[in-house]
Structures are given as structure tokens and as C-alpha cells.
K.L.:
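The structure that follows is given in the form of C-alpha cells.
A, B, ... follow the sequence lines: proteins, then strands. Residue 1 opens every chain. Atom set for the values below is all heavy atoms of this structure, side chains included, hydrogens, waters and symmetry mates excluded.
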Amino acid sequence: MRPAAPLPLSFYARTPEVVARELLGKRLFRRTPSGLLCGTIVEAEAYLADGDPACHASRGKSRKNATMFGPAGRAYVYVIHARHCLNVVTEREGAPSAVLIRAVEPLRGVAQMQRNRQTDVLRDLARGPARLCEAMVINRLLDGWDLTLGRSLWIAEGDNVAPLPTIAVSHRIGVTSAHDLKLRYYLAGNTFVSGTQKLNGKPS
DNA sequence: CTACCGATTGACT
DNA sequence: GTCAATCGGTAGA
């Protein structure tokens, strides 16, 4: 697939639950010196500005999470367990909400992703937030990047194939608080979604 | 400065 | 299924 036009600011300027759900099936593009990388988003989690202790912004603004407090449509890249994770900022300036992109299905630049990840296993290239970042060369230099520019890193419309895949919902993976919130969205049955088979087969 | 933690991953039983 | 390595960010002495 050729590079497609970036989604506009209006796409991101909505609640994180809506953005997370609508990101499924969209395409994540990354242009590197070694070539263009692209994958279909198959899993995303919402983090709320209010009433969500799992959200990094819930304990106030800091150098690390400052991007979340800025305008929508920017990338929020942070490090956890010595690994990177990619979010998109939602809503508006002053409302620190975001959507974590947890997995993509590799579409283009597979050979480079295999080199970046040091594995040939297609399913393991971008199944998980940190794997995705390693495969697509996403690091803290991209924190705050404007995703509506259509350069370096952006998200575009995907093919609207029929029948539309079923969207499933579950609790978020890995978070140690707010386990009752069902804010993880994924394409049911897609092999590139992270998490256990039990969780994905029986959302709770 | 040290100490602790985590929105993870990969190796192992 | 279990478990520990990982290291930047943050809090606290």
C-alpha cells in the first residue's frame, strides 16, 4: 500500500474511548531512512483524563507525561520496563487523555521490521506495545510529534472491507489499578492481537 | 545521590 | 502456567 493522507485533528479531538475504538482498522505509517513501514492497528486501550488511576496523568503533570496535557493528535511516547510505548493524545489541551496502541498487523516494510526485532516470526513483530515500537523505530524523540502532518509518523484510513471485523472489549492489560474499567478494544479473532487466548476469547 | 516502581517481554516449568 | 531482567522516571534522603 502507498502512503495515505493523515487523519485530521478532528479525529483525535474526541473522547479516548471513541478514538480507541475507531483506531481499529486504521493504518499506522512510519517513514525511516531505511524505508516506509506500515501496519494495521488491531488493538488499542483508552486512558481517561478523569477518574482513571491507571492514566499517567492522574497524579499530575510531569516532564514525562507533559505531552498528554497538550493538544490532541500528538504522539505520547513513554518508557516502561526499559521499553517504549506509543499513545495518541485525545480530546483537547488541558484534558490529559490518550489511547495506547497495543498491536498492529505488519503490512509493509516487513523485512526491516524483522531486522529491528531480530526475529522472522511475522506474528511477533508488532504484537504488544513495546514490540510495535521496536519494529517501527518509535522512541522518545517522537514524543510530542504532530500526527496530522503526514511526515515521519502518522495514521491514515484503512480499507473498509466487508464484512467489518467484530470489535471486542476487555479490561486493560498489565495495569495494576482500575481493573474494572473495560477500556481495551481489539479486533476479535485477529492473530496479531496481544494478550492470552483465554482473555481474548472470553472478554470479561 | 540512592531506592523503588512499572500501560513489558521472553525464557522457563 | 510462572518469573525475573530490564532502565528511565520519580520521589525522597
K.L.:
Is it true that A/Glu157 and A/Arg27 make a salt bridge, defined as a side-chain N closer than 4.0 Å to a carboxylate O?
P.N.:
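No, this pair does not count.
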
K.L.:
Which atom names give the shortest non-hydrogen contact between A/Leu86 and A/Ala75, and what distance separates them?
P.N.:
CD1-CB, 3.9 Å

K.L.:
Describe the nucleic acid contact of A/Ala130 in one word from base, sugar-phosphate, nothing, applying a heavy-atom distance below 4.0 Å.
P.N.:
sugar-phosphate

K.L.:
Pick one: which of A/Glu43, A/Arg127, A/Arg131 meets side chain to side chain donor-acceptor pair (under 3.5 Å) with A/Ser194?
P.N.:
A/Glu43

K.L.:
Can a side chain N or O of A/Arg59 be found less than 4.0 Å away from OP1 or OP2 on C/dA11?
P.N.:
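For C/dA11, neither OP1 nor OP2 has a side-chain N or O of A/Arg59 closer than 4.0 Å.
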
K.L.:
Using the ring of each side chain (for Trp, its six-membered ring), is A/His56 parallel, tilted or perpendicular to A/Tyr78, with breaks at 30° and 60°?
P.N.:
perpendicular

K.L.:
Closer to the 5' end of DNA chain B via nearest nucleotide, is it A/Asp124 or A/Thr176?
P.N.:
A/Thr176

K.L.:
To the nearest angstrom, how far is A/His56 atom NE2 from C/dA11 atom P?
P.N.:
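In whole Å, C/dA11 P and A/His56 NE2 are 13 Å from each other.
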
K.L.:
Reckon A/Arg172 touches a base, only the sugar-phosphate, or nothing at all at heavy-atom distances under 4.0 Å?
P.N.:
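Nothing: the residue A/Arg172, judged by heavy atoms under 4.0 Å, touches no strand.
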
K.L.:
Nearest whole Å is fine: how far is B/dT8 C1' from A/Ile101 CD1?
P.N.:
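Rounded to whole Å, this separation is 17 Å.
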
K.L.:
Does a nitrogen or oxygen in the side chain of A/Ser62 sit under 4.0 Å from OP1 or OP2 of C/dG9?
P.N.:
no

K.L.:
A side-chain contact here means heavy atoms from C-beta on lying under 4.5 Å apart; do A/Thr15 and A/Thr90 qualify?
P.N.:
no

K.L.:
To the nearest Å, how far apart are A/Arg127 CZ and B/dG10 C1'?
P.N.:
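Taking atom C1' of B/dG10 as the reference, CZ of A/Arg127 is at 11 Å.
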
K.L.:
Pick base, sugar-phosphate or nothing for A/Arg117, based on heavy-atom distances below 4.0 Å to the nucleic acid.
P.N.:
sugar-phosphate

K.L.:
Between B/dT9, C/dG9, B/dG6, which nucleotide gets closest to the side-chain atoms of A/His81?
P.N.:
B/dG6

K.L.:
Round to the nearest Å and state the distance from A/Lys64 atom NZ to C/dC7 atom C1'.
P.N.:
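Those two atoms, NZ and C1', are 12 Å apart.
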
K.L.:
For C/dT10, what is the paired nucleotide under Watson-Crick or G-U wobble rules, both distances under 3.5 Å?
P.N.:
B/dA3

K.L.:
Looking only at side-chain N and O atoms, does A/Arg131 come under 4.0 Å of OP1 or OP2 in B/dG10?
P.N.:
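For A/Arg131, the contact criterion (side-chain N or O under 4.0 Å from OP1 or OP2 of B/dG10) is met.
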
K.L.:
Measure OH/A/Tyr78 against P/B/dA7 and give the value in whole Å, please.
P.N.:
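About 7 Å, once rounded to whole Å.
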
K.L.:
Starting from P on B/dA7, measure out to NE2 on A/His171 and report it in whole angstrom.
P.N.:
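Rounding to the nearest Å, NE2 of A/His171 and P of B/dA7 are 14 Å apart.
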
K.L.:
Please confirm whether the shortest side-chain N or O distance from A/Arg102 to OP1 or OP2 of B/dT8 is below 4.0 Å.
P.N.:
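So the side-chain polar atoms of A/Arg102 do come within 4.0 Å of the phosphate oxygens OP1 or OP2 of B/dT8, strictly under.
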
K.L.:
Between atom CZ in A/Arg83 and atom C1' in C/dT6, what is the gap in whole Å?
P.N.:
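That distance rounds to 6 Å.
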
K.L.:
Rounded to whole Å, please give me the gap between CZ in A/Arg63 and P in C/dT10.
P.N.:
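Roughly 8 Å, once rounded to whole Å.
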
